[in-house]
Amino acid sequence: MMSVMKFFRLMVAPVTAVAFMLVAWQIAVMMSGVSAYLLPSPWAIAQTMWASSDRLIGGAIQTAMAATIGFVVASVIGILGGSMIAAIPFLRRSLYPLATILQMVPLVAVAPLLVIWLGFGLPTAIAAAAVVAVFPVLAATIDGQVSVDPGLRELFLLHGASGWTRWRKLDLPASIPAIVTGLRIAAGLAVIGAIVGEFVSGYGGNAPLGIVIMTAMREARTDLVFAAIALSAVVGFSLFGAVSCLGWFLVHRWHASSVNSLEQSK
Amino acid sequence: MMSVMKFFRLMVAPVTAVAFMLVAWQIAVMMSGVSAYLLPSPWAIAQTMWASSDRLIGGAIQTAMAATIGFVVASVIGILGGSMIAAIPFLRRSLYPLATILQMVPLVAVAPLLVIWLGFGLPTAIAAAAVVAVFPVLAATIDGQVSVDPGLRELFLLHGASGWTRWRKLDLPASIPAIVTGLRIAAGLAVIGAIVGEFVSGYGGNAPLGIVIMTAMREARTDLVFAAIALSAVVGFSLFGAVSCLGWFLVHRWHASSVNSLEQSK
Amino acid sequence: RSSPNEAALTPITLQLNWVPEPEFGGMFAALQDGLYVAEGLAVDIRKGGAQVPCAQLVASGQVPFAIVSGEEVLTLRARGGEIVALFATFQRNPMGFMLHKNNPIDSLEALWKSSSTIGLDPGMPFVAILNEKYGGKNLKMVPYSGAMATFLVTPDYVQQCFITAEPVEAKLRSVDAKVFSVEDVFNPYTAVIATNETYLKENRATVEAFVRATKQGWIRYLANPQKYNPAIVALNPSMTLEAMNIAADLERTLIVPTSGEAGIGQMTMDRWRSLEQQLVDTKVIPVSMSIEEAFFTADPSAAQAP
Amino acid sequence: MIRDLPSLEFQSVSRIFSGGARALNDVSFSIPAGGLTAVIGPSGCGKTTLLRMAAGLDRATTGSVKFIGQDGNVHSRASENLSVCFQDARLLPWRNVTDNVALPLELAGVSRDERSARAKQVIEAAGLSSAQARLPAQLSGGMRMRVALARTLVTSPDVLLLDEPCSAVDEFTRIQLDEEIRRVWQVSGATTMLITHSVSEAVWLADQIVVMSMGSIHEIRKVALPRNARDRASSAFLLEVETVMRSLARAAGVLVA
Amino acid sequence: MIRDLPSLEFQSVSRIFSGGARALNDVSFSIPAGGLTAVIGPSGCGKTTLLRMAAGLDRATTGSVKFIGQDGNVHSRASENLSVCFQDARLLPWRNVTDNVALPLELAGVSRDERSARAKQVIEAAGLSSAQARLPAQLSGGMRMRVALARTLVTSPDVLLLDEPCSAVDEFTRIQLDEEIRRVWQVSGATTMLITHSVSEAVWLADQIVVMSMGSIHEIRKVALPRNARDRASSAFLLEVETVMRSLARAAGVLVA
Ligand SMILES: Nc1ncnc2c1ncn2[C@@H]1O[C@H](COP(=O)(O)OP(=O)(O)OP(=O)(O)O)[C@@H](O)[C@H]1O
Ligand SMILES: Nc1ncnc2c1ncn2[C@@H]1O[C@H](COP(=O)(O)OP(=O)(O)OP(=O)(O)O)[C@@H](O)[C@H]1O
Ligand SMILES: [Mg+2]
Ligand SMILES: [Mg+2]
């Protein structure tokens with residue numbers, strides 16, 4: 001009971017903020033009389049969402065699948081790869097810059113290659129999501145593991161812990177707060193990556209959100225573009241929320257972030 | 001002299017890694033006989049870079065300008081906004097989710113709107129770069145500042161330090177390592193954002209890299225696409241390098257990351 | 001008309017929807033030969049790209065003139081955009097499907113009933129029409145990213161194309177292609193110069209002068225494209241002069257109406273009406289609108305042509 | 001300078017942590033204005049918790065902690081000029097010794113020149129002159145605590161709260177630091193609470209000793225020796241130390257002969 | 001179990017830190033196999049630096065630190081079964097007391113049941129039974145150090161390095177902990193180095209006391225009292241303490257009457 005109450009109390013602020021923003025937006029659109037193809041009102045978008053709900057939800061499910069799988073792949077690669085890079089100085093000096101360069105390759109430009117390598121459809125969207133999401137996880141993991149308290153490292157060193165053991169029992173738990181931040185950033189990017197991937201991968205009967213967006217843009221249906229974006233944000237936000245919950249669950253008992261937020265909310 | 005030597009020694013690993021990758025790629029292309037439309041060899045790309053160097057360098061300068069300005073804007077907004085959000089629990093509960101949602105809006109989908117709102121050329125590319133780069137900075141700043149040692153916070157509290165003072169003298173310096181990680185992620189994203197922005201912002205005489213890529217793709221000049229990508233990676237890598245140097249300069253004397261990397265390089 | 005001095009020229013911008021190519025040859029000819037200046041206009045031609053939202057830019061008043069396609073004019077008007085068509089460069093739809101020469105498929109109908117993989121922009125209006133006509137359930141539609149690489153290396157791949165552009169490029173890369181035009185099922189005006197409704201009201205003379213000069217430019221360009229193409233190549237080095245010369249030859253029949261050069265750029269109510277009908281039928285736009293306001297004939301000499 | 005030095009009153013203070021741990025149980029005592037009270041007791045008996053409440057960093061579950069001015073008014077804690085030395089050093093890792101010590105002055109807006117002059121003085125008294133420019137990571141454990149103590153003493157506080165400031169140093173360094181604590185206390189006249197493990201330090205400095213045991217007060221003892229009669233070798237001093245030691249032993253649950 | 005207990009030899013050890021600070025200057029002494037040597041000296045004199053070298057966490061600028069087996073062979077440090085109690089507690093913040101204490105056993109691959117049995121025993125000896133399930137953030141400063149000490153003693157080390165393990169606790173808790181240190185030392189027979197600020201602790205536990213001063217050795221003293229003759233109240237014990245205290249005072253530069 002307590003925690004349900006608490007949950008509702010925690011939701012008040014974000015819901016208020018979103019509601020406030022939507023109302024301001026609605027009023028701004030109504031006052032300025034800007035045409036719908038430039039900036040549709042939230043109300044118009046809501047109507048579109050309702051009217052096209054079948055198409056949007058079907059698309060969202062596909063996009064969510066691609067984004068989620070891509071995100072998981074990126075998380076695993078980012079955390080494991082980042083840990084290896086952090087642990088082995090040679091890799092840090094050689095692979096980290098390489099990973100950085102890969103991060104800077106604009107996906108839209110290589111997406112056609114992805115299609116050729118992976119074929120049309122889901123695999124390409126997954127790969128695109130994973131490619132853009134992996135770097136933040138990698139960077140945050142490296143940062144987190146390189147910043148582990150040197151005193152605790154010495155402790156493990158002394159007891160002759162193997163690299164693997166030290167990673168499992170020290171580096172990984174100690175860097176969870178940093179990794180969670182990386183995952184938070186990656187959650188949003190994975191959705192964007194999936195959508196960009198969908199721009200180049202196939203679309204059959206049930207079009208994913210990326211295709212819905214492209215089609216709507218071509219037809220100057222800005223309201224539908226926004227409706228699809230809203231749904232993609234919902235997908236991303238679910239991923240983000242899941243990561244945040246996981247992070248809270250793992251660190252709230254011991255990490256400074258929870259102490260500091262308690263102190264402040266007093 | 002010492003530090004020049006050291007610099008060269010530090011460069012050995014990444015240069016080796018890149019060289020190794022290029023050689024492997026070259027061999028793979030030569031062995032498989034894959035068509036140059038799909039995957040040109042590094043050597044072919046290098047020739048193209050040489051042949052089109054005027055156009056590429058001109059484009060890279062424009063893209064670098066947009067990416068750098070966008071990156072700086074994103075850094076300022078991300079660090080200041082993140083600090084405010086970290087400092088004020090109400091904002092954390094209301095604005096952070098909002099910022100998250102904004103991060104999930106696929107830029108490619110709203111870029112056309114940016115052009116219409118901001119007009120042609122540089123402003124749109126800058127805005128696009130800033131939009132994609134701001135969230136990682138924001139998230140990392142929030143994370144860093146919420147994780148500041150609660151003991152040090154109490155110290156400042158006791159001396160009646162204003163929020164502003166505490167931020168300047170404690171929160172900001174203590175969170176620099178985390179912020180630098182966010183900036184590193186943002187550096188790459190800013191370049192990609194600038195390129196996507198350039199895709200939509202009609203352009204005048206000298207085409208930026210985004211346009212070079214678009215045009216080259218249309219003409220099936222995959223070699224030129226890759227050459228342009230390579231240059232965009234150079235732009236991104238310069239930003240990344242600048243951020244890393246700045247970070248090293250600011251924290252190497254006191255932060256665990258430098259202690260740990262010293263220990264390991266022994 | 002007296003030749004006005006530089007300072008008195010009216011500055012205007014024309015936003016292209018693609019990079020400089022022969023499909024905009026008339027505008028560049030008018031620029032090169034000073035026809036715009038003679039009309040008192042200082043024209044800035046802006047390159048564009050696949051993602052530049054030309055119709056929206058013109059409707060929102062960001063630019064006075066832009067190149068758009070016919071269906072874009074009507075769809076945007078249906079959403080409240082103040083866009084008006086002025087001049088239709090292509091009288092016949094240059095859009096088509098490009099196949100490898102030795103692909104056994106021999107007609108648009110056969111293509112649509114096959115199980116080919118076909119690259120095309122999502123939301124192309126003629127897809128719904130073709131689906132209606134031929135089914136198309138087995139087709140595997142994939143987005144066309146603007147990159148031709150897939151076509152060049154995949155023998156059974158099919159993609160959308162501009163008859164004057166991609167097939168020429170493919171040929172220059174030693175890949176012979178055949179093309180099925182979609183003209184017979186969907187034939188909107190293409191490469192249409194459009195302006196903003198308000199701008200038109202307030203600057204009628206400028207608009208008329210611009211259209212006049214452009215038309216003259218086209219007459220000159222089509223007569224001697226080799227004279228103007230080098231300047232276009234200079235603006236778009238990614239396309240060879242050879243390709244441009246070939247494209248200029250190919251586009252002539254699509255631009256010059258049967259009535260002859262005097263009708264270049266003309267638009268008729270019937271053509272706009274049938275386009276509108278197709279868009280309503282395929283549910284791209286909701287209801288019919290007043291077509292009279294969707295286009296403006298600045299050059300009465302061309303208006304009556306069939 | 002006319003200052004209204006407050007007294008510090010703990011009134012029936014209890015503290016139960018969220019896990020259910022009962023750290024304090026009905027603790028009442030007061031430190032008179034300008035007095036120096038030492039709190040001693042076995043590890044984990046609640047000393048730090050008491051100090052944190054006085055500093056306003058923790059709140060009593062029941063009961064209250066108050067600063068009362070000489071006019072009898074209750075002061076708000078925020079208005080007090082308070083200085084705390086924590087059990088851990090809490091140095092800013094990116095600042096050298098001088099800048100760490102000068103921090104409270106900097107936060108109080110003292111000019112740069114005055115800051116460095118005053119910091120120099122306490123750094124010298126703490127025996128850290130040769131380490132002035134070092135970062136915390138380059139100091140030994142005892143040096144770090146000395147920096148923290150110097151930082152606490154650099155202001156002229158009305159209320160001084162010290163949590164085992166000398167536990168990480170040897171006997172003789174401790175005697176020097178005690179001297180510095182006494183000097184600052186006498187100059188500033190601060191109302192002082194000192195947590196210590198050294199009974200002789202408690203007797204040497206304090207005019208009242210609170211002996212705690214498992215969250216409660218075991219004994220409150222006025223130190224009978226007049227300040228001028230204290231001499232670490234005198235028999236009166238040693239006797240007093242012996243007496244307090246016995247009390248502490250009983251508090252710690254050790255059987256005393 | 002036949003063990004080859006090593007002796008620990010410091011041979012002309014000097015240590016100059018990169019900033020130029022000279023922490024150790026030609027220090028030589030050895031701890032015989034199975035012996036317990038206490039190192040005392042003023043704050044910042046280089047005790048921790050010595051200990052870190054013995055633990056292999058720092059390297060001598062010149063000179064060497066060696067473990068020498070009873071056969072006269074030099075052991076590699078890595079082969080030693082070493083246990084260190086650092087000056088700071090170094091607990092994993094996400095593990096409770098029991099799991100922190102059991103960590104070295106866990107790393108050594110000891111089975112879960114044996115782990116918890118042995119952890120339970122040292123936790124009890126450290127007086128932490130009631131806090132077993134708490135996280136480090138929920139402990140007092142002294143309790144944290146006691147957890148660290150318990151963790152050090154939970155294995156059966158051949159070499160035991162203790163850096164002020166008892167400085168954060170009161171006199172009586174310290175006596176209990178000393179008892180535990182002695183018990184573990186006697187059971188394991190470990191070659192032990194103990195850094196402490198308490199002279200009486202040093203005399204109580206050690207058979208050799210090294211008094212340091214500013215990076216050098218001031219005096220090396222064998223503790224003459226046989227172990228069975230030590231009694232914290234006996235005059236022989238108090239006399240020995242008094243003597244070492246004087247030596248420390250001189251090392252600290254205090255004039256002694
Ligand atoms: N990383 C470092 N860089 C520079 N100087 C250092 C460093 N570590 C220690 N020192 C210096 O070396 C000297 C000895 O330090 P050490 O920690 O060994 O002292 P200690 O005897 O353990 O003192 P304490 O009793 O206070 O813990 C000190 O003067 C200290 O400032
Ligand atoms: N955050 C907390 N949550 C739960 N229990 C706590 C917390 N902080 C302290 N305690 C408990 O409260 C009791 C008193 O702690 P306190 O720090 O006041 O002890 P102390 O007298 O200062 O001990 P020491 O001399 O060891 O520093 C201890 O038993 C401790 O375990
Ligand atoms: Mg305490
Ligand atoms: Mg030390």
Side-chain angles (χ1 to χ4, degrees), chain B residues 79 83 86-87 89 140-141 144-181 183 243-266, chain D residues 48-49 51-59 76-97 99-110 115 133-139 144-145 147-149 151-152 154-163:
Chain B
I79 295 174
S83 302
T141 305
Q145 304 206 347
V146 154
S147 305
V148 171
D149 180 355
L152 296 178
R153 292 219 146 170
E154 287 183 354
L155 189 72
F156 276 73
L157 203 70
L158 275 173
H159 286 103
S162 66
W164 163 240
T165 308
R166 192 187 72 190
W167 181 73
R168 242 173 356 123
K169 308 207 177 213
L170 175 64
D171 295 349
L172 185 64
S175 56
I176 281 176
I179 294 178
V180 167
T181 300
L183 291 178
V243 169
S244 296
C245 286
L246 182 77
W248 182 86
F249 177 76
L250 289 175
V251 309
H252 75 107
R253 286 167 63 241
W254 62 270
H255 190 246
S257 57
S258 46
V259 178
N260 286 342
S261 46
L262 274 181
E263 169 224 315
Q264 288 166 354
S265 58
K266 261 187 218 159
Chain D
T48 298
T49 308
L51 179 134
R52 288 176 58 79
M53 284 175 183
L57 298 172
D58 195 357
R59 260 189 256 162
S76 89
R77 197 204 55 78
S79 72
E80 292 304 334
N81 179 3
L82 215 133
S83 210
V84 181
C85 183
F86 294 95
Q87 205 166 352
D88 48 341
R90 306 201 176 175
L91 306 180
L92 303 186
W94 53 88
R95 288 189 170 214
N96 67 19
V97 169
D99 293 345
N100 261 297
V101 170
L103 179 73
L105 300 175
E106 201 178 316
L107 295 179
V110 173
R115 239 151 59 195
R134 293 207 200 145
L135 292 174
Q138 302 173 315
L139 301 177
R144 258 175 249 160
M145 273 313 297
V147 175
L149 179 61
R151 179 181 60 195
T152 313
V154 80
T155 51
S156 303
D158 292 343
V159 179
L160 193 54
L161 305 172
L162 305 171
D163 196 351

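What you see is a predicted model, and the numbers here were worked out from it, not measured in a lab.
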Q) Which residues pass the side-chain contact (heavy atoms from CB on, under 4.5 Å) test with B:Val243, sequence neighbours left out? A) B:Phe71, B:Val180, B:Leu183, B:Arg184
Q.
Tell me every residue that passes side-chain contact (heavy atoms from CB on, under 4.5 Å) with D:Ala55, counting only those two or more places apart in sequence or in another chain.
A. B:Leu158, D:Leu57, D:Leu82, D:Val84, D:Leu161
Q. What residues, two or more places apart in sequence or in another chain, satisfy side-chain hydrogen bond (donor to acceptor under 3.5 Å, both in side chains) together with B:Thr141?
A. none
Q: Give, as side chain, backbone, both or neither, the part of D:Leu91 having an atom under 4.5 angstrom from any heavy atom of chain B.
A: backbone
Atom pairs, donor to acceptor, chain B/chain D, distance under 3.5 Å:
residue  : atom : partner  : partner atom : Å
B:Gly151 : O    : D:Arg90  : NH1          : 3.2
B:Glu154 : OE1  : D:Arg52  : NH1          : 2.8
B:Glu154 : OE1  : D:Arg90  : NH1          : 2.8
B:Glu154 : OE2  : D:Arg52  : NH1          : 3.2
B:Glu154 : OE2  : D:Arg52  : NH2          : 2.7
B:Lys169 : NZ   : D:Glu106 : OE2          : 2.2

Q | Under 4.5 Å from a heavy atom of chain D, the part of B:Leu170 involved | A | both
